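The structure appears right after this line, and notes come after that.
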Protein chains: 2
Amino acid sequence: MIPGHIRVTTDCRTVTEILSRIGDKWSVQTVVQLGSGPKRFNELRRQIDGISQRMLTLTLRGLERDGLVNRTVFPTVPPRVEYRLTDLGCSLLKTVRGLAEWAIENRPEIVAARQRFDGTASNGHTGDERRSASL
Amino acid sequence: MIPGHIRVTTDCRTVTEILSRIGDKWSVQTVVQLGSGPKRFNELRRQIDGISQRMLTLTLRGLERDGLVNRTVFPTVPPRVEYRLTDLGCSLLKTVRGLAEWAIENRPEIVAARQRFDGTASNGHTGDERRSASL
DNA sequence: CTGTATCCCGACTGATACTG
DNA sequence: CAGTATCAGTCGGGATACAG
């Protein structure tokens with residue numbers, strides 16, 4: 001159906017694992033924010049909007065652990081910590097941008113599909129569809 | 001730093017939303033499996049490996065709701081239900097393949113970064129790193 | 001064969017308070 | 001400023017049993 005398809009049994013896992021890594025609530029937003037240059041902790045905190053201090057810390061730790069972000073501490077007082085994308089992080093950002101384009105381009109269609117699905121009571125299954133179009 | 005970057009405040013959300021959609025534990029695997037052609041329920045169930053009946057149902061419902069998968073019931077006995085990717089689903093698959101290539105190409109580097117991170121006790125923070133290389 | 005309905009547990013996440 | 005610690009609530013997801 002589609003040419004050059006991936007070795008499903010092996011590579012699917014890899015993709016799923018990567019998605020588990022970046023597919024959480026905050027990683028992508030964080031990476032994208034860092035895409036416009038190095039940022040400090042509270043700078044990120046303000047720009048990411050809904051994120052809690054705790055989750056920003058955890059997200060940055062995770063990204064750092066995976067070599068996507070560098071953490072630099074300047075031993076001044078008050079302490080200054082800078083986060084910046086590594087080369088690996090930058091390459092991920094480029095890839096994510098591909099997904100971003102798809103998302104932006106196809107969101108209307110997805111929203112429409114949802115409304116269609118949620119609207120018709122004749123879906124075959126008995127009903128009570130929750131989640132009224134959170135996208 | 002990186003040219004042509006996306007409008008962070010607006011589009012990030014869209015990407016995050018899409019990631020919430022496909023970033024769950026089973027959606028990508030399901031989509032990729034369906035990439036090689038229409039499949040029946042238990043056929044998918046066998047090929048996806050760890051998935052439970054419940055989660056396959058929920059995943060397929062979600063994909064159907066978002067217009068990524070078509071569900072066709074043949075009113076025979078025993079019932080036969082076929083799932084296939086829509087055009088939208090196919091286009092998503094192509095995009096995901098980009099991510100897949102990145103994942104496959106960079107997994108070694110990520111794994112290495114993790115070992116480095118987990119190995120050094122001199123990370124600055126006090127310690128007790130959980131998740132010993134699940135990737 | 002293709003689902004639906006419950007129960008239940010652990011993980012994720014937010015809120016809040018405290019520290020160097 | 002840049003975190004860490006703790007507690008509590010929500011939710012994803014597995015196991016199991018049942019149904020058309």
Side-chain angles (χ1 to χ4, degrees), chain A residues 16-17 19-30 33-34 38-65 69-84 123-131 134, chain B residues 16 19-30 33-34 38-65 69-84 123-132 134:
Chain A
T16 303
E17 285 159 356
L19 281 173
S20 314
R21 168 65 283 217
I22 64 166
D24 67 277
K25 206 172 174 184
W26 304 110
S27 289
V28 165
Q29 289 195 61
T30 304
Q33 289 293 346
L34 288 175
K39 300 263 168 64
R40 300 181 58 175
F41 187 86
N42 278 325
E43 202 176 350
L44 279 169
R45 187 148 140 67
R46 281 188 301 270
Q47 290 174 357
I48 296 183
D49 183 58
I51 199 169
S52 67
Q53 189 175 43
R54 172 189 155 83
M55 290 319 295
L56 181 55
T57 301
L58 290 179
T59 302
L60 288 169
R61 283 286 174 281
L63 294 172
E64 186 194 359
R65 185 168 105 103
V69 160
N70 262 146
R71 178 176 182 269
T72 315
V73 184
F74 300 92
T76 62
V77 44
R80 173 195 169 86
V81 180
E82 189 183 86
Y83 294 92
R84 74 165 65 222
N123 284 321
H125 23 87
T126 18
D128 122 90
E129 318 294 339
R130 51 249 104 154
R131 290 184 303 177
S134 66
Chain B
T16 302
L19 281 173
S20 315
R21 169 65 282 216
I22 64 166
D24 66 277
K25 204 171 174 185
W26 304 111
S27 289
V28 165
Q29 290 195 60
T30 305
Q33 289 294 346
L34 287 175
K39 301 265 168 66
R40 299 181 59 177
F41 187 86
N42 277 327
E43 201 176 350
L44 279 170
R45 188 149 141 67
R46 280 188 301 271
Q47 291 174 356
I48 296 183
D49 183 57
I51 199 169
S52 67
Q53 189 175 43
R54 170 190 154 83
M55 289 320 295
L56 181 53
T57 300
L58 290 180
T59 301
L60 287 169
R61 282 289 173 281
L63 295 172
E64 187 194 359
R65 185 168 105 104
V69 159
N70 261 146
R71 178 176 181 268
T72 315
V73 184
F74 300 93
T76 61
V77 44
R80 173 195 170 87
V81 180
E82 189 184 85
Y83 294 91
R84 74 165 64 220
N123 285 320
H125 24 88
T126 18
D128 116 275
E129 318 293 339
R130 51 248 103 146
R131 291 184 303 177
S132 48
S134 66

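This is a predicted model, so every value here is computed, not measured. Lettering follows sequence order; numbering is per chain, from 1.
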Nearest whole angstrom, please: distance from the [atom2] of [N] to the [atom1] of [X].
X: B:Gln53; N: C:dA5; atom1: CD; atom2: P; answer: 13 Å
X: A:Leu56; N: D:dG3; atom1: CG; atom2: P; answer: 8 Å
X: B:Leu44; N: C:dT2; atom1: CG; atom2: P; answer: 10 Å
X: A:Glu82; N: D:dA2; atom1: CD; atom2: P; answer: 11 Å
X: B:Lys39; N: C:dC1; atom1: NZ; atom2: P; answer: 17 Å

Task: Donor-acceptor pair between B:Arg21 and B:Ser27 side chains, under 3.5 angstrom - done: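 A pair is found: one side chain offers a donor N or O, the other an acceptor, under 3.5 Å apart.
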Is [Y] close to [X] at the side-chain level, that is, under 4.5 Å between some pair of heavy atoms?
X: B:Lys39; Y: B:Gln33; answer: yes
X: B:Arg45; Y: B:Asn42; answer: yes
X: B:Leu44; Y: B:Leu60; answer: yes
X: B:Gln47; Y: B:Gln29; answer: no

Open item on the list: If I take atom CD from residue A:Glu43 and atom CG from residue A:Leu34, how far apart are they, to the nearest 0.5 angstrom?
Closed with: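 Between atom CD of A:Glu43 and atom CG of A:Leu34 there are 9.5 Å.
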Task: side-chain contact (heavy atoms from CB on, under 4.5 Å) partner of B:Arg54, the single match among B:Thr57, B:Leu56, B:Leu58, B:Ile51 - done: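 By the side-chain contact (heavy atoms from CB on, under 4.5 Å) criterion, B:Arg54 pairs with just one of B:Thr57, B:Leu56, B:Leu58, B:Ile51: B:Leu58.
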Task: Sugar-phosphate, base or nothing in reach of B:Tyr83, heavy atoms under 4.0 Å - done: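 The answer is sugar-phosphate, as B:Tyr83 gets under 4.0 Å only of primed atoms, P, OP1 or OP2.
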Out of [options], which has the shortest distance to the side chain of [X]?
X: B:Arg71; options: D:dC1, C:dA17, C:dT2; result: C:dT2
X: B:Arg61; options: D:dT4, D:dC1, C:dG3; result: C:dG3
X: A:Val81; options: D:dC1, D:dG3, C:dG3; result: D:dG3

TODO: Identify the heavy atoms of A:Thr76 and A:Pro78 that sit nearest to each other, and give their distance.
DONE: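 Here A:Thr76 and A:Pro78 meet closest at OG1-O, 2.9 Å.
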Open item on the list: Looking at every heavy atom in both A:Pro79 and A:Arg40, which two are closest together, and how far apart are they?
Closed with: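 Smallest heavy-atom distance, with atoms named: O-NH2, 3.8 Å.
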Open item on the list: Can you give me the bend angle of the helix from C:dC1-D:dG20 to C:dG20-D:dC1? Use the axis through the first five pairs and the one through the last five, nearest 10 degrees.
Closed with: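 Axis angle across the helix from C:dC1-D:dG20 to C:dG20-D:dC1, nearest 10°: 40°.
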Hey, what are the protein-to-nucleotides 10-15 of chain D N/O distances that come in under 3.5 Å?
residue : atom : partner : partner atom : Å
D:dG13  : N7   : B:Arg54 : NH2          : 2.8
D:dG14  : OP1  : B:Lys25 : NZ           : 3.0
D:dG14  : OP2  : B:Ser52 : OG           : 3.4
D:dG14  : O6   : B:Arg54 : NE           : 3.4

